[in-house]
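These notes concern the structure reproduced below.
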Amino acid sequence: MRTLQRQCTKIANSNIFINIIIVLIIFNAILVGLETYPFFAQFSTFIIWADWTLLTIFTVEIIIRLIGSPSLKSFFTEPWNVFDLIIVLSSIILAGSSYVMVLRILRVLRVLRAISIIPSLRKMVNALLLTIPSMGTIMLLLGLFFYVYGVIGTMLFQSISPEYFGSLHRTLLTLFQVITLESWASGVMYPILDQDPTSWWYFVTFILIGAFVIINLFVGVVVNNVEEASREESPSPTDIKLEKMEKDLEEIKKLLKQQNKD
């Protein structure tokens, strides 16, 4: 049993094995995408055969990784392992049922496993995960900002432009368009400006505060966390020297203890 586990561990950690699985995952995603085109209906037999072949390979892959893990606990503490296991088990259990198309869509998500292999993607995901707590505060600020301007816009321009500011939810949708800077001037502001020349302050202040201040807060938080993730991935020269000094001190302590015993 130990020999089998060591062999499975060696296979699961092999670069060749990982690269083959990544290629098959991408092929599976392409296959599911091609199924959405009607003219591929003539290849339905090949697609079904390819689906079953890929499902068999992915099942074998999960079994190899499961056997090669040090323990079941270590396997299930890795979120990507649990994700893959759920997808494969769902495909096996519900194969041939009316939910097969849904499961094919879910298998496209297996492409996300490439994140754990490509360092730059892994670094970016780590940064985004670090950003989540800060994003909550910024989203609250943005929500309050949108609500205040939404109420003001509805009060001021409800009668002038009901298609954009007729109600609070319409105004919020309009403000979302404005903050993306997509046709906000020609499509939204200028028609209102023709009837109310003083309305410029509303749009200009919203753009300045919303697009140029609050949105840049998101960018700043993400950039800061990317730098933190980079430092965690690759330690600085000072950290490397400190680690070396700690090892040297440990060796000196061992030598002193050995001399005291002698």
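The basis for the numbers below is simple: all heavy atoms, side chains too, and nothing from hydrogens, waters or symmetry mates. No experiment lies behind these values; they were computed from the predicted model shown.
When side chains are defined from C-beta on, Leu181 counts as touching Ile207, because their heavy atoms get closer than 4.5 Å. The shortest side-chain heavy-atom distance between Tyr164 and Leu173 does not fall under the 4.5 Å cut-off. With a 4.5 Å cut-off on side-chain heavy atoms, Phe76 and Leu85 count as touching. Counting heavy atoms from C-beta outward, Phe58 and Leu24 have side chains that approach closer than 4.5 Å. A heavy-atom distance below 4.5 Å is not found between the side chains of Leu208 and Val213.
Atom CG of Leu54 and atom CD of Glu61 lie 11.0 Å apart (nearest 0.5 Å). With values rounded to the nearest 0.5 angstrom, Ile21 atom CD1 is found 7.0 Å from Ile57 atom CD1. The OG atom of Ser183 sits 12.5 Å away from atom CE of Met189, with the distance rounded to the nearest 0.5 Å. Atom-to-atom distance recorded for Leu142:CG and Ile209:CD1 is 12.0 Å, nearest 0.5 angstrom. For the atom pair CD of Gln7 and CD1 of Ile64, the computed distance is 10.5 Å after rounding to the nearest 0.5 Å.
Tyr147 and Leu140 end up in different hydrophobic clusters when Ile, Leu, Val, Met, Phe, Trp and Tyr side chains are linked at under 4.5 Å. Tracing side-chain contacts under 4.5 Å through hydrophobic residues (I, L, V, M, F, W, Y), one never reaches Ile179 starting from Leu144; they form parts of separate clusters.
Residue Asn81 comes nearest to Phe75 through the heavy atom pair ND2-O, 3.1 Å, listed as atom of the first residue, atom of the second, then distance. Summarising the geometry of Ile67 relative to Gln5, their closest heavy-atom pair is O-CG, 3.2 Å, with the distance given to 0.1 Å. Listed here is the closest heavy atom pair of Thr9 and Gly68: OG1-O, 2.6 Å. In terms of heavy atoms, Ile11 sits closest to Phe17 at O-CB, 3.1 Å. Heavy atoms only, all atoms of each residue included: Pro191 and Gly187 are closest at CG-O, 3.9 Å. Ser199 and Ile192 get closest at one heavy-atom pair: OG-CG2, 3.7 Å.
In terms of modelled atom types and a separation under 3.5 Å, the side chain of Gln177 and the main chain of Trp184 share no donor-acceptor contact. Proximity of a side-chain donor or acceptor of Ser161 to a complementary backbone N or O of Phe157 within less than 3.5 Å is not detected. No donor-acceptor pair closer than 3.5 Å links the side chain of Gln158 to the backbone N or O of Phe165. Looking only at distances, no side-chain donor or acceptor of Ser69 sits under 3.5 Å from a matching main-chain atom of Leu72.
Annotation: Phe146 is in aromatic contact with Phe206 [ring centroid separation under 6.0 Å].
Within 6.0 Å of atom CD in Glu182, 12 or fewer heavy atoms from other residues, nucleotides or ligands are found, so the atom counts as exposed in its surroundings.
Thr171 and Thr154 share a side-chain donor-acceptor pair at under 3.5 Å.
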